[in-house]
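Residue numbers start from 1 in every chain, and the chains themselves are labelled A, B, ... in the order their sequence lines are given, proteins ahead of strands.
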Protein chains: 2
Amino acid sequence: MSGSTRNTRNTRQREVILDVIDAAQGPLPVGRIHERARREVPSLGIATVYRTLKLLLAQERIVAVELPGEETHYEPAGRGHHHHFRCLDCEVWFELTTCLVPHLDGTTLREGFTIEGHYLALYGRCSACAASSITAR
Amino acid sequence: MSGSTRNTRNTRQREVILDVIDAAQGPLPVGRIHERARREVPSLGIATVYRTLKLLLAQERIVAVELPGEETHYEPAGRGHHHHFRCLDCEVWFELTTCLVPHLDGTTLREGFTIEGHYLALYGRCSACAASSITAR
DNA sequence: GTAGATGCAAACGCTTTGCCGCTTA
DNA sequence: TAAGCGGCAAAGCGTTTGCATCTAC
């Protein structure tokens, strides 16, 4: 009963947009979703992408991912609590499968702040880029 | 020699904008800076705020703080590496003085990602709000 | 006196909305 | 066939830029 699936139709546009998000290796911004979905449906308008993302969010089939200094990205829902890693070379955001700082939640800092949740993003090099930077010399 | 201080004038507007940022307990977004600076200089235009922030950034007198799902905030420079805490009640962003996860940098994850830097934001209740939620009943 | 700064308004870029013809069920 | 949907264009909204006026030095 989560979200509005009532009176909702299955269209090629929605199918393609969800496919693009599901097939990605990490969260995608609106522009990239539009770009990739257009390969299948060239006439696809940007407004439809925005409306579809809003619908998919309401249906809890995707989640919005906020990344520091970047536009909102989107990824499939249901992957639980996890964080993201950005490669400084290829500039791709990857999804991590585990939480690196599970101990933080529930603790209270000296300043009196009680931590109920956290957000972590990592930066560095992915293995592919690290390898090519060695072979490149 | 950091930034352009040459051919730069000291105006009341700039002085007030920097004062507002320095006096804040945490990073502020453009709108709030404008709002507070206007108390001193009512005619202050939003364009001047944007231009001044850009100048202060170039002079490395302030830094831009990216917070997940929020507009860019600004705080005084020179406070080193630290993170931010957002109170879910009063919705204020506070600055923390220490890094809670210094061990992350330099490590390589199983997936092959080499961590060179990290970004952490915390959510919860500040002591004032935690206290008032108790006395409120 | 003059280069630089401000304030206003127009321009921009991204997101949302309105409208109407098209499509799914 | 009808309600939902998509595409286009216009409207919003936050940020940037152009320009004429003002001001710090």
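- Straight-line distance from the NE2 atom of A:His34 to the P atom of C:dC14: 13 Å, rounded to whole Å.
- Using a 4.0 Å heavy-atom distance criterion, B:Ile46 is classed as making no nucleic acid contact.
- Which of D:dT17, C:dT6, D:dG6 sits closest to the side chain of A:Thr48 comes down to D:dG6.
- A donor-acceptor contact under 3.5 Å links the side chain of A:Arg51 to the base of C:dG18.
- Between the CG atom of A:Leu53 and the P atom of D:dC5 there is a distance of 15 Å, given to the nearest Å.
- Sequence order on DNA chain D of the closest nucleotides to A:Gly45 and B:Arg12 puts A:Gly45 first from the 5' end.
- Taking only distance into account, the side chain of B:Arg9 meets the base of C:dA3 through a donor-acceptor pair shorter than 3.5 Å.
- A salt bridge links A:Arg12 to A:Glu15: at least one charged side-chain nitrogen sits closer than 4.0 Å to a carboxylate oxygen.
- Heavy-atom minimum distance, A:Leu104 versus A:Thr107: O-OG1, 2.7 Å.
- Exactly one of A:His84, A:Glu70, A:Glu75 qualifies for a side-chain hydrogen bond (donor to acceptor under 3.5 Å, both in side chains) with A:Trp93. That residue is A:Glu70.
- Distances shown here put every side-chain N or O of A:Thr11 at or beyond 4.0 Å from the OP1 or OP2 atom of D:dC5.
- Rounded to whole angstrom, the span from the CD atom of B:Glu71 across to the P atom of C:dC14 amounts to 18 Å.
- At a threshold of 4.0 angstrom between heavy atoms, the contacts of A:Arg14 are confined to the sugar-phosphate backbone, with no base atom among them.
- In this structure, A:Asn10 reaches the C:dA25 phosphate: one of its side-chain N or O atoms is under 4.0 Å from OP1 or OP2.
- Taking atom CD of B:Glu35 as the reference point, atom P of D:dG14 lies 13 Å away to the nearest angstrom.
- Separating the NZ atom of A:Lys54 from the C1' atom of D:dC5 is a distance of 15 Å, rounded to the nearest angstrom.
- Contact between the side-chain N/O atoms of B:Asn7 and the OP1/OP2 oxygens of C:dA3 is not found at any separation under 4.0 Å.
- Listed here is the closest heavy atom pair of B:Ala64 and B:Leu57: N-CD2, 3.6 Å.
- Across the protein-nucleic acid pair, A:His73 atom NE2 and C:dC14 atom P stand 14 Å apart, rounded to whole Å.
- Phosphate proximity of D:dT23 to B:Gln13: absent, as no side-chain N or O sits under 4.0 Å from OP1 or OP2.
- Distances from the side chain of B:Thr8 to the nucleotides D:dC25, C:dT17, C:dA5 place C:dA5 closest.
- One atom, CD1 of B:Ile17, and another, P of C:dA5, lie 13 Å apart when rounded to the nearest Å.
- Screening B:Phe85, B:Tyr119, B:Tyr123 against A:Tyr119 for a ring-ring contact (aromatic ring centres under 6.0 Å, His included) leaves a single residue, B:Tyr119.
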